[in-house]
Amino acid sequence: MEQKLHTPEGVRDIYNRECAIKLALQKKLNTVLHLYGYQDIQTPTFEYFDVFRKEIGSTSIRDLYKFFDREGNILALRPDITPSIARAVATLFETENFPIRLCYAGNTFINHSSYRGRLKENTQLGAELIGVDSIEADAEMLAMVVDGLKKTGLKEFQVSIGHVDFIQSLFEATNLEDEQKEEIRTLIANRNFFGVEEILDHYEIADQVKEAFHQLPELTGGPEILADAGRIAPGEAARLAVERLRQIYDLLKIYGVEDHVTFDLSMSGSYGYYTGIIFRAYTYGTGDAVVRGGRYDHLLEKFGKKTPSIGFAIILDELMSALDRQKIKVETGHRNLLVYTDATEQWAISLARTFRAKGKNVEMMKRNSWDERETFEAYGKRSSVASMLYLREDRKIEVINLQTGEEKLVNTKKKTKQQ
């Protein structure tokens with residue numbers, strides 16, 4: 001049998017500099033979530049299949065990784081962390097009536113096609129605010145997204161906000177069958193509004209409703225589009241949705257994040273459990289949203305706890321791609337390489353202990369007398385080492401900045417005698 005040493009399709013190894021960047025981003029984002037008062041939670045990588053069943057409204061069943069345990073129970077790798085947290089909260093916080101603020105980081109698994117290089121395993125970092133249905137809760141989530149993305153160094157991005165009730169009211173006003181509604185929903189998601197109009201022309205639909213769909217492409221932009229959305233809103237639920245977005249925007253101005261906020265009333269959300277505002281964050285250098293989120297006021301009911309909720313997930317792999325293509329440097333901390341010989345080993349260990357006690361990262365590497373310094377410089381450069389300390393037997397240290405090429409010679413002989 002042929003031994004497979006490569007990874008399966010849709011997953012990959014992450015190491016060295018890239019892995020350091022990923023962990024640094026997680027740390028930066030976690031700092032922001034903690035500043036807002038969110039506490040960490042970890043849920044299992046796999047759950048009982050029922051946690052992600054069709055009625056939950058998460059990922060399509062055919063896209064789940066499913067397997068059996070010893071007892072014959074069907075298990076699934078999590079495609080989405082929110083249902084896992086909903087299940088955990090309904091169990092662990094069953095009697096809690098105060099707001100619950102939780103944040104997490106973990107990998108998700110979706111067995112979709114790898115078309116255009118899409119990964120089947122992604123790392124998500126996010127937050128959930130459970131127990132509050134208010135414009136204040138919605139605004140807090142959106143402000144936290146903006147603050148988090150800015151913390152990573154990202155400058156050019158927009159958080160696009162919509163509302164499920166607005167677009168759903170349009171669908172209901174058509175009186176079409178679910179199959180036709182889903183077809184229209186797909187066309188809108190692909191920004192194919194000509195296709196939407198072709199379908200609507202085949203059915204007896206009120207001119208007012210057709211006109212509302214016709215104007216959907218224009219309902220994307222700043223807060224000024226909310227007035228237009230209010231005028232074409234086909235019912236009370238849609239009008240209340242627009243008014244809520246207006247009130248949220250007023251709070252976002254107080255947070256000082258309004259420059260990164262736009263609206264898109266054609267947005268319907270990728271998960272079936274969304275019930276209120278939905279939002280995505282976009283930037284250039286990646287083909288998909290770097291953040292997805294929304295309100296899901298009825299999801300926890302399916303696990304036995306009736307309470308409103310809102311949350312978001314930052315897709316770290318997409319964020320890393322965007323930062324790389326935008327040439328935004330992520331500080332990962334300095335690594336130092338300490339090169340020594342048999343004769344300088346005791347000195348090297350003493351130096352390394354001193355540096356590590358001060359919080360400096362030091363990698364020790366022993367050389368032979370015939371080894372060339374350039375060999376270790378080359379290793380350091382390809383291993384993302386910041387500086388190299390090359391110990392000489394005359395008690396001098398050659399300090400080389402491997403990023404700039406600058407060198408200096410430090411004489412420690414006199415200092416050693418005094419000690």
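One is the number of the first residue; the rest follow in order along the sequence.
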- [ ] Verify whether the ring centers belonging to Phe157 and His260 lie closer than 6.0 Å.
- [x] yes
Task: NZ/NE/NH1/NH2 to OD/OE distance under 4.0 Å, Lys305 and Glu301 - done: no
Open item on the list: Aromatic contact between Phe193 and Phe213, with the criterion being ring centroids under 6.0 Å apart: yes or no?
Closed with: no
Task: Arg78 with Glu47: basic N within carboxylate O range, under 4.0 Å - done: no
Task: Heavy-atom closest contact (Met267 atom, Ile167 atom, distance) - done: O-CG2, 3.6 Å
Task: Stepwise side chain to side chain contact (heavy atoms under 4.5 Å, CB included) test for Tyr273 and Thr82 - done: CA-CA 10 Å; Tyr273 54 65; Thr82 298; 3.6 Å; yes
Task: Carboxylate-amine/guanidinium contact Asp250 Lys253, below 4.0 Å - done: yes
Solution key, residues 348-363 side-chain donor-acceptor pairs under 3.5 Å, sequence neighbours excluded:
unit_1: Thr354; atom_1: OG1; unit_2: Ser350; atom_2: O; d: 3.0
unit_1: Arg356; atom_1: NH2; unit_2: Val362; atom_2: O; d: 2.9
unit_1: Asn361; atom_1: ND2; unit_2: His334; atom_2: O; d: 3.3
unit_1: Glu363; atom_1: OE1; unit_2: Arg335; atom_2: NH2; d: 2.5
unit_1: Glu363; atom_1: OE1; unit_2: Tyr379; atom_2: OH; d: 3.4
unit_1: Glu363; atom_1: OE2; unit_2: Tyr379; atom_2: OH; d: 2.6

- [ ] For the pair Arg244 and Asp165, find out whether any cationic side-chain nitrogen is under 4.0 Å from an anionic carboxylate oxygen.
- [x] no
Task: Test: Lys381 and Glu374 ion pair at under 4.0 Å - done: no
- [ ] Assess whether atom NZ of Lys22 is packed by more than 12 heavy atoms of other residues, nucleotides or ligands within 6.0 Å.
- [x] yes
Task: Residues Glu55 and Lys302 bridged, charged N to O under 4.0 Å - done: no
- [ ] Inspect the contact between Arg191 and Asp264 and indicate whether a charged nitrogen and a carboxylate oxygen are less than 4.0 angstrom apart.
- [x] yes
Open item on the list: Quick one about Thr283 and Gln326 (side-chain donor to acceptor, distance below 3.5 Å, no hydrogens or angles considered), yes or no?
Closed with: yes
Open item on the list: Less than 4.0 angstrom from a charged side-chain N to a carboxylate O is my criterion; do Arg382 and Glu377 meet it?
Closed with: no
- [ ] Identify whether the distance between the nearest side-chain nitrogen and carboxylate oxygen of Asp288 and Arg292 falls below 4.0 Å.
- [x] yes
Task: Contact summary for Thr344 and Arg392, nearest pair of heavy atoms - done: CG2-O, 3.8 Å
Open item on the list: Once rounded to the nearest 0.5 Å, what's the spacing between atom CD1 of Ile199 and atom CD of Glu183?
Closed with: 3.5 Å
Task: Output field: ring centroids Tyr274/Tyr296 closer than 6.0 Å - done: no
